[in-house]
Amino acid sequence: MERLISPLRRSRARLESWLDADGRRPMALGLAALIGLCILAFFQQLGTLGLMDKTEGLFVEVARQMADSGDWVTPRWNGATFFDYPVWGYWMVALSFRLFGLSEWAARLPVALAASAVVLAMAALVWQLAPAAELPRRRVGRATLAATVLALSPGWVGWGRSSVTDMFLSSAIALALFGFALAYAQPERVALRRLGHGSMALFAGIATLAKGPVGLLLPGLVIIVFLLFKGQLLAQLRRAPLLPMAALFLGVTTPWYALATQVNGMEFLQHFIGFSNLERFTSVLYSHPGPPWYYLPWLLLLLLPWSLYLPVALTRLRFWRLERWRTPPTGADLPLLALVWLVVVVAFFSAAATKLPGYILPSIPAGALLLALQFQPLEQTAQPQGRGQAASGWVNAAVLGLMALAAALAPRLVASDPAYPDFAAALQASGLPQLLAALLAAATLGLALLLLRPGGLAWLWLPNAGAFLGLLALVLPGLAPLLDRERQLPIRQLARLAGEIARPGEPLLVVGYKRYSVVYYSGRPVLFVHSADDARRELADRGAPGQPGPVRPGAAPASLLLFGNDAELLEFGVGPGDGELLARRQAHRLIRLSLARLNQLQDS
């Protein structure tokens with residue numbers, strides 16, 4: 001073992017000497033590494049997978065209609081106005097469509113850029129707030145580690161590759177709070193303080209355009225709670241240029257809100273303010289309830305495996321000691337700010353009645369920052385690594401070992417899905433589960449070796465980063481096209497076929513699971529139903545065909561298109577011989593059914 005370690009030590013010493021010879025070398029190397037990391041995490045295979053149901057298919061279709069119509073004020077989806085979210089994300093995706101054409105890659109490009117911007121900004125912030133006398137390579141190393149933990153967190157990668165509004169909100173909130181940290185910790189540097197205050201107002205405005213009032217409320221709550229703990233709220237308010245910041249914020253947000261109200265009147269105000277904000281917080285919508293602790297396991301999963309070190313990070317921070325808070329503003333307050341940020345976001349959404357995992361995405365940068373600074377603290381007098389770190393490391397190794405076992409068994413675990421009968425066999429034949437299992441097993445072994453080696457505790461992040469990088473570089477290139485071919489392509493093909501062969505005025509109904517991407521790929525409005533009664537009611541309500549009441553076979557059109565998998569169609573009441581089979585892709589079918597036959601169907 002010593003024969004292997006000694007050459008590594010000599011190589012490391014030569015590298016450090018080369019880096020220390022010119023302060024620009026570590027910065028160039030760190031920037032190149034982070035750009036490469038962002039390419040792997042957010043841009044590689046970005047357009048391979050078809051639009052995911054439900055939310056991504058809905059969100060992208062709104063942007064497509066905006067780009068096609070040229071109406072940049074009123075969002076529309078499936079033949080109606082859609083005010084669940086404000087307009088920023090739609091603008092970004094619609095602009096991407098205008099620049100690059102319609103494609104899954106163009107739809108996801110804006111979120112990948114937003115996720116990458118936060119990764120790079122986090123590195124810049126940690127570098128800027130490091131002790132001025134520290135060696136450049138140490139400053140860059142810590143900054144690169146912080147950005148790496150964020151870029152390799154499952155939550156940030158997952159939502160950074162999915163075109164939905166969560167990443168637009170989360171990235172804007174993160175950049176606003178980074179701006180606050182810069183202005184707060186650099187009180188004597190006028191240019192940096194102005195940059196920080198400007199970033200707070202600009203990105204809070206963008207967050208408000210992305211998701212509504214929560215875009216201002218969340219960063220505002222984080223800042224107020226943090227400054228109250230620090231005992232510096234009034235002092236910071238006096239120092240901040242409040243009027244210019246308010247003017248910038250209002251200049252970003254007011255034009256669209258004013259235009260949307262002018263064009264759509266009370267419909268916009270009632271739906272957006274009443275339904276999408278107040279009711280979403282106070283009532284359970286879309287069957288998404290959850291207990292107060294709903295987000296705790298999700299926080300663990302979205303930051304896995306880094307989240308396994310949260311207990312030791314909090315213990316080492318000693319946040320319960322008042323003297324840790326009541327100190328003059330410095331860069332060393334960054335972990336405390338990250339802690340408040342994390343707690344406020346999770347607590348806020350835990351208090352809401354409607355709960356979804358993506359709601360706490362704005363907390364992920366805070367968690368990544370807190371965890372990275374636990375491995376490489378900003379304070380020179382920080383507590384040394386100890387038993388807590390070792391215990392977390394062994395838990396980390398055990399979790400990765402279990403994940404390796406789960407990866408090896410993955411084809412068996414997915415074999416029971418009748419909607420995609422060939423997926424398990426294709427996954428097994430690809431060899432990807434075995435490759436992922438090997439990567440995770442190697443990381444487990446690496447953790448064990450570091451835990452047994454003196455001085456290895458500070459490097460426990462390395463096997464985790466290596467395993468995730470291996471997943472992105474070696475597993476994702478094969479997994480993305482396989483997932484698309486086996487799970488997304490059948491839906492996309494049948495939806496496009498439905499758009500091509502539909503007769504004039506012939507309704508398209510999606511049965512069972514709400515595959516919102518069918519609207520995008522078919523290029524036409526869709527009715528989403530679960531039963532024959534649902535279908536008759538929806539057709540009557542939409543006035544297609546005839547007046548309210550039973551659907552009449554004598555009215556035009558005389559047929560409709562049904563889309564669903566075998567189990568869903570059977571539950572709908574469609575059996576063998578019912579309707580005309582237009583196409584089948586795996587277990588999914590597209591059927592033309594007469595309205596006369598629809599009136600005869602009984603729900604199963």
Ring centres under 6.0 angstrom apart (F59, Y90): yes

Ring center gap for W77 and Y516 short of 6.0 angstrom: yes

Looking at [X] and [Y], would you say the former's side chain and the latter's main chain have a donor-acceptor pair under 3.5 Å?
{"X": "Q44", "Y": "L472", "result": "yes"}
{"X": "T253", "Y": "F249", "result": "yes"}
{"X": "S307", "Y": "L300", "result": "yes"}
{"X": "W394", "Y": "Q389", "result": "no"}
{"X": "R161", "Y": "A41", "result": "yes"}
{"X": "R137", "Y": "P26", "result": "no"}
{"X": "R142", "Y": "L373", "result": "no"}
{"X": "E56", "Y": "L51", "result": "no"}
{"X": "S363", "Y": "V346", "result": "no"}
{"X": "K211", "Y": "Y85", "result": "no"}

Where [X] and [Y] come nearest, the two heavy atoms and their spacing:
{"X": "Y309", "Y": "N396", "value": "OH-OD1, 2.8 Å"}
{"X": "A94", "Y": "A63", "value": "CB-O, 3.5 Å"}
{"X": "M200", "Y": "M245", "value": "CE-CE, 3.8 Å"}
{"X": "G388", "Y": "V312", "value": "C-CG2, 3.7 Å"}
{"X": "L304", "Y": "P154", "value": "O-CD, 2.9 Å"}
{"X": "P357", "Y": "L302", "value": "O-CD1, 4.0 Å"}

For a 4.5 angstrom cut-off between non-hydrogen side-chain atoms, does [X] reach [Y]?
{"X": "V164", "Y": "V111", "result": "no"}
{"X": "F203", "Y": "F178", "result": "no"}
{"X": "V214", "Y": "Y359", "result": "no"}
{"X": "R193", "Y": "R239", "result": "yes"}
{"X": "N464", "Y": "L152", "result": "no"}
{"X": "P335", "Y": "R316", "result": "no"}
{"X": "L99", "Y": "L109", "result": "no"}
{"X": "L337", "Y": "V222", "result": "yes"}

Steps toward side-chain contact (heavy atoms from CB on, under 4.5 Å) verdict (F375, W459): CA-CA 8 Å; F375 285 109; W459 294 91; over 6 Å; no

Do other residues, nucleotides or ligands put more than 12 heavy atoms under 6.0 Å from the [atom1] atom of [X]?
{"X": "W91", "atom1": "CH2", "answer": "yes"}
{"X": "R194", "atom1": "CZ", "answer": "no"}
{"X": "W293", "atom1": "CH2", "answer": "no"}

Measure the [atom1]-[atom2] distance between [X] and [Y] for me, rounded to the nearest 0.5 Å.
{"X": "W341", "Y": "L334", "atom1": "CH2", "atom2": "CG", "result": "9.0 Å"}
{"X": "L370", "Y": "L339", "atom1": "CG", "atom2": "CG", "result": "6.0 Å"}
{"X": "F97", "Y": "R64", "atom1": "CZ", "atom2": "CZ", "result": "8.5 Å"}
{"X": "I35", "Y": "L31", "atom1": "CD1", "atom2": "CG", "result": "4.0 Å"}
{"X": "L336", "Y": "R318", "atom1": "CG", "atom2": "CZ", "result": "13.0 Å"}
{"X": "I223", "Y": "L237", "atom1": "CD1", "atom2": "CG", "result": "10.0 Å"}

Distance-only donor-acceptor pairs under 3.5 Å for side chains of residues 182-190, two or more places apart:
unit_1, atom_1, unit_2, atom_2, d
Y184, OH, Q232, OE1, 3.2
Y184, OH, D333, OD2, 2.9

side-chain contact (heavy atoms from CB on, under 4.5 Å) evaluation trace for T165 with W88: CA-CA 9 Å; T165 195; W88 178 262; over 6 Å; no

Test ring-ring contact (aromatic ring centres under 6.0 Å, His included) applied to F319 and F229, step by step: CA-CA 10 Å; F319 62 89; F229 273 108; 9.1 Å; no

CA sep, side-chain torsions, deciding dist, call: D53, L58, side-chain contact (heavy atoms from CB on, under 4.5 Å): CA-CA 8 Å; D53 292 311; L58 184 155; over 6 Å; no

Polar contact flag, side-chain donor to acceptor under 3.5 angstrom, T74-N264: yes

Polar side chain donor-acceptor pair, K355 to S350, under 3.5 angstrom: no

Aromatic plane relationship, F349 with Y295 - under 30° parallel, 30 to 60° tilted, over 60° perpendicular: perpendicular

Derivation and outcome, side-chain contact (heavy atoms from CB on, under 4.5 Å), residues M92 and L113: CA-CA 10 Å; M92 295 299 100; L113 291 172; over 6 Å; no

